[in-house]
Amino acid sequence: MAAVVSCVNRLLAHIFVLLVVLMDVNGNRVKHKIYEDIQGDMACFKRFNGTQEIGCTSKFSGNIGVVHVVESKEDLVWVYQRGPHQPYVLAITPRFLTSEVLKEAQNSGKVSGVVVMVEENKLDLPGGFSGETHCPNHELGLYNDSSQSEYSGYCWKEPWNPNGTSLLYMSWSFPIFLIDNETSINNIRDYYKTFNEPGTDGEPRSWPLCCMELKSNMFGTTNTEVCMRRRTIATSVFQPVNFCDPLSDYNIWGSVKPMNSSEVTPEKSVIIVAARMDAATMFDNISPGANSAISGMVTLLAAAGALYNLKDDIMKSEVEKNVLFVLYQGETWGYIGSSRMVWNMEKGDFPFKHQEDETDQISQMNLTHIDSFIELAQVGQGMTPVGSHLFLHTDPISNVDPEIGNETDTLLNLLEKYANSSGNVKFERANGDAPLPPASFQSFLKRVNISGVVITDHRDEFKNSYYESIFDDYRNVKYTSENESQETDMYHKHISRVAGVLASALYTRLTGNSKVIKADEKLTDDLLYCYMKNFSCQMFRDYGDRLPRDLFSDKPAKMYVSVKGGEGSRTTLTHLVFAKLLGEKVELNETKCKTESLNQVHQLYYFASLNNGTCVMSTVRKTEAMSPAFLIKDYNWQSGEYSTWTESGWQLTKAMIFLKPSVAEEVGLVCGGIASLLLSLALVYFMNSRADLLFGLTTPPAPC
Amino acid sequence: MTVAQFFGCALIAFGPPISMFALTIAKDPIRTIMLVASSFFWLLALLFSSILYTLSPSYRTPSSLELSSLSYFRNCLVSGLGFGMISGAFSLVNVLADMTGPGTIGMKGDPYNFFIASAVTSLAFIMLHVFWGILFVNAIHRRAYLQLAYVILCHMLASCITLINPLYSVTIPTVWILTILSGVLAFIVAGGSHRTIKAAIGGHPRVLQVTTSDGNTTATVNEG
């Protein structure tokens, strides 16, 4: 019996300790009853170029305003004409994310912030929306206004991107946050209904009202010149503050045949096959770029993989041609990656400066080595019910040269031949008298006359009505795979078909023989799924098993170029996948599978999760993609020669929702407090000064 | 913005104790030490609530200090105030700290008047501690057990009634009725009555003069 009692006692003691611990953990501070955090990681931030600043910033301590949910035009009118409790934070649906609405908000002076609520399930999509201008990258392209080219005015008459709003390039005096978290959106709507929603006759509600604080204070200001200057001063004098950093990442590239410095690379022998791998939106942490970047990028990777499967034929061939597959970074922001590669080639240090003492060294490449240029731009919306229909764009200026014109023609014929033989791919030549659409190829054509083609899904204006916007996601390209590999999805078959045609054409250029090559559909589908739907997919986790777990999120890949030390996970994973596709297995264990120098012809990559450890030898490597503007001494920031885009630094972005009391209540409380103090002062003074009259009479003092 | 709420509530709750401290205690170093000591004892009590009852009489002042009846009650007040301020601080500082942000309470269904109610309740408890101090020490001194029981029961009642918060319309009046009742009792125990109030307000200048100089002299001699 005693044992039982002591047992029960011990149990009770344990339960008590457990309860105490639990209560401690659940300790509810008053703060948590006042404030509700709202998703705040997708804020609009500031960027700068040589002459201007774009984007948004909040005040240092954050912007506060009364929440007003905007579902219709009338709600906006109500805020501007009737709303007495300014400033307001407008909670809008994507339909209202237009420059007109934002400009009106800015000019009214009654708005201190905007949140855009994007609900996954009831998407209120605008008919077309692009943050870019009508002519993306026009200023830094081949046909810019100062180029004297007869095509410089073409885009303004026939815009490539008619849905362009230029929203990305505008500067706002208030913070703008994007929210896609369901709980956060529901909270905003619920609290708005309970506290703020005006009565049926538009009668405004009285205090306390539900308010929101948006905090996204940007450190940089004015333009790149100013903030780079400040940065230099700050690093040399104070604690380094990142006022702004150049947009920067890595170009990833690899050649089919190894390029050794011991062998001479013949002139006009390298066919560059390029795609861009970055996209952008106004907001941090979201840049899906499904058509604008991923479509071309995955086609390139699939073609590279398919072509490299036939490496034995290619290596045996006597034809002195090589293919360089390149993924360019930062192309959205004035062709950063391609202009950097051209700059390095011109300087004679691409990919690296020649080292005298090294034997195993990659050979240098310059502009004269380039044979032709094939670029995969947006190809995602070229899917037809029966197959694929894409357009081949060429540059009318360089084609004037008969030699280049012939080369271009040969290239187009070759592509068309394999498209026709595939049965369900149609390559159509775009208007021969139109300039190239925005493409990395333009960076090369600015410096050298070469033949080339840009493959897109549009003949004239973009088919992509959501170019560089948050809506350019898997829905935009009609990708339907729910999980990795699904037969019903047509999109990955489209991409595979195009990749197959490209690989066949390249095979012919490399070997002189004809062969119809099919790209691996499973690979294409896996890649598309990983980039567009779930970055922490099985494939990426296998390839990136040495990377920190927190790089993987189950959201779409963030395609924004970012800054040095910024979002590197997409580049790192693409690099690894690319290396595997363009590499061969070698029998080396984990410790031996290491490359000593980036200059070496072959780079070694170790994949611990593939077949219990695989060492891959590949020519794939990365080189820096930062605009030459930041490397040229005393560069003239206004010259417009190279991209000058920088991104502001910031501490954190945060949003929360709470109730705010009326001013009358606050004044009343302070007055009450002061009254309490003064009254008590008077009373205590009175009691002190008359203490002996009040107390002293009845009780005699104690005797000494 | 709602820094206003912070100052308002802080002044409401701590205004009266600050006045008492500034005018009665601050000028006397020993009383200041007593105040701090009693606060410390409250903290000890918080930690070892079981030892509370054995420790609480120990704030009796050292016998080497001979005191007039007036300063005897003042010392009770000082100890009580020490208790009250630290308990008030503990009950309100957390709330005050969270008040400084831009928001106020009520969004998640909590009562809007939580802040002001907390401040007013804290003030009542600070004052209650002062009065309880006077009554308790006096009760022990005179072996007036009924008075002792009143203090303990009153403490129990005032503390327990706050458990039914946020029914502020019940708890605040109850606590304040107890405060006023205890205040009146403490006043009477300390020697006050409606006559002394009248005398103090009316001010009998001549009697006052004599008594004051008398009292003052005694005090000076004693303390010297």
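Just so we're on the same page: letters track the sequence lines, and every chain starts at 1. Both backbone and side-chain heavy atoms feed into the values below; hydrogens, waters and symmetry mates do not. Treat the numbers as computed from the prediction; the structure is a model and nothing was measured.
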Please tell me if the side chains of Val115(A) and Met212(A) come closer than 4.5 Å, counting only heavy atoms from C-beta onward.
yes

Check the orientation of Trp132(B) and His129(B). Use parallel for under 30°, tilted for 30 to 60°, and perpendicular for over 60°.
perpendicular

Options Ile657(A), Leu683(A), Val667(A), ranked by heavy-atom pairs under 4.5 Å with chain B, top entry
Ile657(A)

Portion of Glu36(A) that has a non-hydrogen atom of chain B nearer than 4.5 angstrom
both

Could you please spell out the steps behind the side chain to side chain contact (heavy atoms under 4.5 Å, CB included) verdict for Phe7(B) and Ile674(A)?
CA-CA 9 Å; Phe7(B) 281 110; Ile674(A) 293 171; over 6 Å; no

Taking the six-membered ring for Trp, is the centroid-to-centroid distance between Trp650(A) and Phe45(A) below 6.0 Å?
yes

Among Tyr191(A), Phe195(A), Tyr35(A), which one satisfies ring-ring contact (aromatic ring centres under 6.0 Å, His included) with Phe658(A)?
Tyr35(A)

Partners meeting salt bridge (Lys or Arg N to Asp or Glu O under 4.0 Å) with Asp37(A) (sequence neighbours left out):
Lys654(A)

Does anything in residues 675-682 of chain A reach chain B? List residues with heavy atoms under 4.5 Å apart, or say none.
Ser676(A), Leu677(A), Ser680(A), Leu681(A)

So which residue, Asp98(B), Leu11(B), Ile18(B), Thr24(B), ends up with the most heavy-atom pairs under 4.5 Å with chain A?
Asp98(B)

Given heavy-atom pairs under 4.5 angstrom as the criterion, report whether the side chain, backbone, both or neither of Phe114(B) touches chain A.
side chain

Nearest heavy-atom contact between Ser112(A) and Pro175(A) is O-CD, 3.4 Å

Regarding Arg205(A) and Glu197(A), does a basic nitrogen lie under 4.0 Å from an acidic carboxylate oxygen?
no

